[in-house]
Peer 1: 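Can you keep this structure in mind? I'll have questions shortly.
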Amino acid sequence: MPENLKKISRNLSDISTWLKFDRIPWVIAGPCSAESEQQVLSTARELAKSPHVKVFRAGLWKPRTRPNSFEGVGEVGLKWLRAVKAETSLPTTTEVANARHIELCLDNDVDILWIGARTTVNPFMVQEIANALKGVDVLVLVKNPINAELGLWLGAIERLYQAGIKKIAAIHRGFSTFVEMEYRNSPNWRIPIELKRLLPNLPIICDPSHIGGSRDYIEPISQTALDLGIEGLMIETHIDPDSALSDSKQQITPKVLIELLDRLRARNTTITDKQVKAKVARLRTEISHVDSRIMQDLAERFRWVEEIGKLKQQHSISVLQINRWENLLKDHIAKAKHLDLDGEFIKAVFELIHAQAVKRQLQD
Ligand code: PEP
Ligand code: MN
């Protein structure tokens, strides 16, 4: 792990010192957008009944893809967030995208700021936000960038850290893709997992509303997040979702949210039971044995590849033999089926292996 990231991870402040978490999952809930005082307050009143809900969210400045759609109520909504806090005691959060938003939020006691996916992609905007936050003790949530690039996500966290912010958490809201799929944004779980590996102390919150883009997917995505050890969720909740001015299809009522949260199964991130611990250790040993075998087999495969590379060179044969590659891939995908392995997965594995084999032969 790079030294600078290790240091950042060590210096991040513990999330349980900022907010009281006595439940898993703990939840940030509220509408995609604040629309009226009545909508904000009636949603918050219902949400405050759930012991899971720890923070109230509502977007005031909405980054919309096209102009002339609802772009948020802006400044006037700050009063409504104050009213929520006064009445329910829930801390509040909203999206900020520039220095002016930050100034207004800090003047109006917004407790937590979040940086949206369309802002995390832009280092200029993130730096402007970081500069505006210098010397301020506030909690900042960083949504992943729209595209699946870990570097931009990490970069935004580093910019905030360098501005002196120690209370940081990341929100995983999925990545946009050109491929047709059931979800609005692809979860690409390996990216938040890699972020957690690089910054182990950084809390990660999952936003199933923006990943799924539909009410139906909120529960299964939330459960997957919990199964992966994620303890915080951000879920869009509206008192009347069908009439919401933004993200209507993915919002649920507070009542539906509360029932859903009761059904989710929390997981322990640490193993305490001694017998279970021993069993897990035994299985991990088996898995590590298989991993070493795979590595030894790969090393052997590349020794043969180097031999064949030399032979091709001696006889002036091109390194890439496209028919051989095509047949090999077909065979392996067919075999994968019999072994109960996912064909797409085996294809991806052998694409990597083949690329490495070609590279080795070109180096010879
Ligand atoms: C939102 O939370 O309403 C929002 C705009 O999210 P994102 O930045 O993830 O699209
Ligand atoms: Mn939204």
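Read the numbers this way: they start at 1 and go in the same order the structure lists the ligands and their atoms.
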Peer 1: Of K85, K54, R82, R57, which meets salt bridge (charged side-chain N to carboxylate O under 4.0 Å, His left out) against D111?
Peer 2: K85

Peer 1: Could E259 and K255 be called an ion pair, given the rule that one side-chain N must be under 4.0 Å from one carboxylate O?
Peer 2: yes

Peer 1: Should the ring pair W153 and H172 be called parallel, tilted or perpendicular, given that the plane angle runs from 0 to 90° and is split at 30 and 60?
Peer 2: tilted

Peer 1: Taking the Mn ion (ligand 2) as the vertex, measure the angle between atom SG in C32 and atom OD2 in D247; round to 10°.
Peer 2: 100°

Peer 1: Can you tell whether the side chains of D242 and R215 come within less than 4.0 Å, N to carboxylate O?
Peer 2: yes

Peer 1: What N/O/S atom of E236 is the closest to the Mn ion (ligand 2)?
Peer 2: OE2

Peer 1: Does the distance from a Lys or Arg side-chain N to an Asp or Glu carboxylate O, for E300 and R303, drop under 4.0 Å?
Peer 2: no

Peer 1: Please go through M295's hydrophobic cluster and name the other residues, only I, L, V, M, F, W, Y counting, with side-chain heavy atoms under 4.5 Å joining them.
Peer 2: none

Peer 1: Please output the residues near ligand 1 using a strict heavy-atom distance under 4.0 Å, listed in chain and residue-number order.
Peer 2: C32, R57, K62, E95, W114, G116, A117, R118, K143, R173, H210, E236

Peer 1: Look at the rings of W61 and H101 and say which category their plane angle falls in: under 30° parallel, 30 to 60° tilted, over 60° perpendicular.
Peer 2: parallel

